[in-house]
*Asks:* 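Below are the structure tokens for one structure; questions will follow.
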Amino acid sequence: QVQLVASGGGLVHAGDSLRLSCAASGRTFSSYSMGWFRQAPGKEREFVARINWSGTNTDYREAVKGRFTISRDNAKNTGYLQMNSLKPEDTAVYYCAADLTTVRSRWDARYWGQGTQVTVSS
């Protein structure tokens, strides 16, 4: 069992940066992939980024490539999402997740944290 707590959201201006953190409890965190999803008002939840258990492999949705960086520190049981050059369209509630899999070509996860709001003003 893995419990996740996301933090680091806030209100920023376009072009600013934020770093989200995802603190995990449970000794098995380091054996799972982890990732970030987001959900904007009135829209479906969407995949943002994923990192494998060792941190050696990552995936990103096209819209954030080159701006967002996912990482993890297994010694600290924590994952991160560094978000640079933020745009108003990045505004959403961001959720961290662990043990990601693909279901019908879409990313899903077994474990979910609560969301953290990111708001980017123009």
*Asks:* When rounded to the nearest 0.5 angstrom, what distance separates CG in L20 from CD in Q82?
*Replies:*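 Going from the CG atom of L20 to the CD atom of Q82 covers 9.0 Å.
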
*Asks:* Please list all pairs meeting ring-ring contact (aromatic ring centres under 6.0 Å, His included) that have one or both residues in residues 51-110, counting only residues at least two apart or in different chains.
*Replies:*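 Found F47-W107.
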
*Asks:* Would you find a donor on one side and an acceptor on the other, under 3.5 Å apart, between the side chain of N57 and the backbone of N52?
*Replies:*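 Checking the backbone N and O of N52 against the side chain of N57, no donor-acceptor pair under 3.5 Å is found.
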
*Asks:* Do V2 and T28 come within less than 4.5 Å of each other through their side chains, counting heavy atoms only?
*Replies:*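 V2 reaches T28 side chain to side chain.
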
*Asks:* Are side-chain heavy atoms of R45 and D108 found at a separation under 4.5 Å?
*Replies:*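 The answer is yes; the side chains approach within 4.5 Å.
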
*Asks:* Looking only at non-hydrogen atoms, find the nearest pair between T78 and S21 and report the distance.
*Replies:*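 Distance-wise, the nearest heavy atoms are CG2-CB, 4.4 Å.
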
*Asks:* Please determine whether residues V93 and W112 belong to a single hydrophobic cluster, defined as Ile, Leu, Val, Met, Phe, Trp and Tyr linked transitively by side-chain heavy-atom distances below 4.5 Å.
*Replies:*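 Looking at the clustering, W112 is in the same group as V93.
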
*Asks:* With heavy-atom distances below 4.5 Å as the criterion, would you say the side chains of M83 and D90 are in contact?
*Replies:*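 Sidechains of D90 and M83: no contact.
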
*Asks:* Flag yes if F37 and F29 sit in one hydrophobic cluster, no otherwise; membership is Ile, Leu, Val, Met, Phe, Trp, Tyr, and two members link when side-chain heavy atoms are under 4.5 Å apart.
*Replies:*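 Looking at the clustering, F29 is in a separate group from F37.
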
*Asks:* Where is the tightest heavy-atom contact between G55 and R72, given as atom of each residue plus distance?
*Replies:*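 Looking at all heavy atoms of both residues, the closest pair is N-CD, 4.1 Å.
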
*Asks:* For A24 versus L4, what's the shortest heavy-atom pair and its separation?
*Replies:*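 For A24 and L4, the tightest heavy-atom pair comes out as CB-CD2, 3.6 Å.
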
*Asks:* Checking side-chain contact (heavy atoms from CB on, under 4.5 Å) for the pair R50/T102: CA distance, chi angles, key distance, verdict?
*Replies:* CA-CA 11 Å; R50 167 202 165 268; T102 52; over 6 Å; no

*Asks:* Would you compute the distance between atom CG of N84 and atom OG1 of T69 and round it to the nearest 0.5 angstrom?
*Replies:*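 The CG atom of N84 sits 6.5 Å away from the OG1 atom of T69.
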
*Asks:* Taking side-chain hydrogen bond (donor to acceptor under 3.5 Å, both in side chains) as the test, write out the residues that go with N77, two or more places apart.
*Replies:*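 With neighbours one apart ignored, the set is empty.
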
*Asks:* Is the CD atom of Q3 crowded by more than 12 outside heavy atoms at less than 6.0 Å?
*Replies:*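 It does not: Q3 CD has 12 such atoms or fewer within range.
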
*Asks:* Where is the tightest heavy-atom contact between S121 and P88, given as atom of each residue plus distance?
*Replies:*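 Looking at all heavy atoms of both residues, the shortest contact is C-CG, 4.5 Å.
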
*Asks:* Restricting to non-hydrogen atoms, name the atom on L100 and the atom on M34 that form the minimum distance, rounded to 0.1 Å.
*Replies:*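 Smallest interatomic distance, heavy atoms only, reads CD1-C, 3.7 Å.
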
*Asks:* Any chain of hydrophobic side-chain contacts (each under 4.5 Å) joining V12 to L81?
*Replies:*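 Linked within one cluster.
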
*Asks:* Would you check if the side chain of Q114 reaches a backbone N or O of A6 as a donor-acceptor pair within less than 3.5 Å?
*Replies:*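 Here the side-chain-to-backbone pair exists.
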
*Asks:* The criterion is side-chain contact (heavy atoms from CB on, under 4.5 Å); which residues satisfy it with T119, sequence neighbours excluded?
*Replies:*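 L11, T91, Q117.
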
*Asks:* Identify the two heavy atoms, one from S17 and one from S85, that lie closest to each other, and give their separation to 0.1 Å.
*Replies:*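 For S17 and S85, the tightest heavy-atom pair comes out as OG-N, 4.3 Å.
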
*Asks:* Just verifying a value: how many Å separate H13 NE2 and S122 OG, rounded to the nearest 0.5 Å?
*Replies:*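 It comes to 10.0 Å.
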
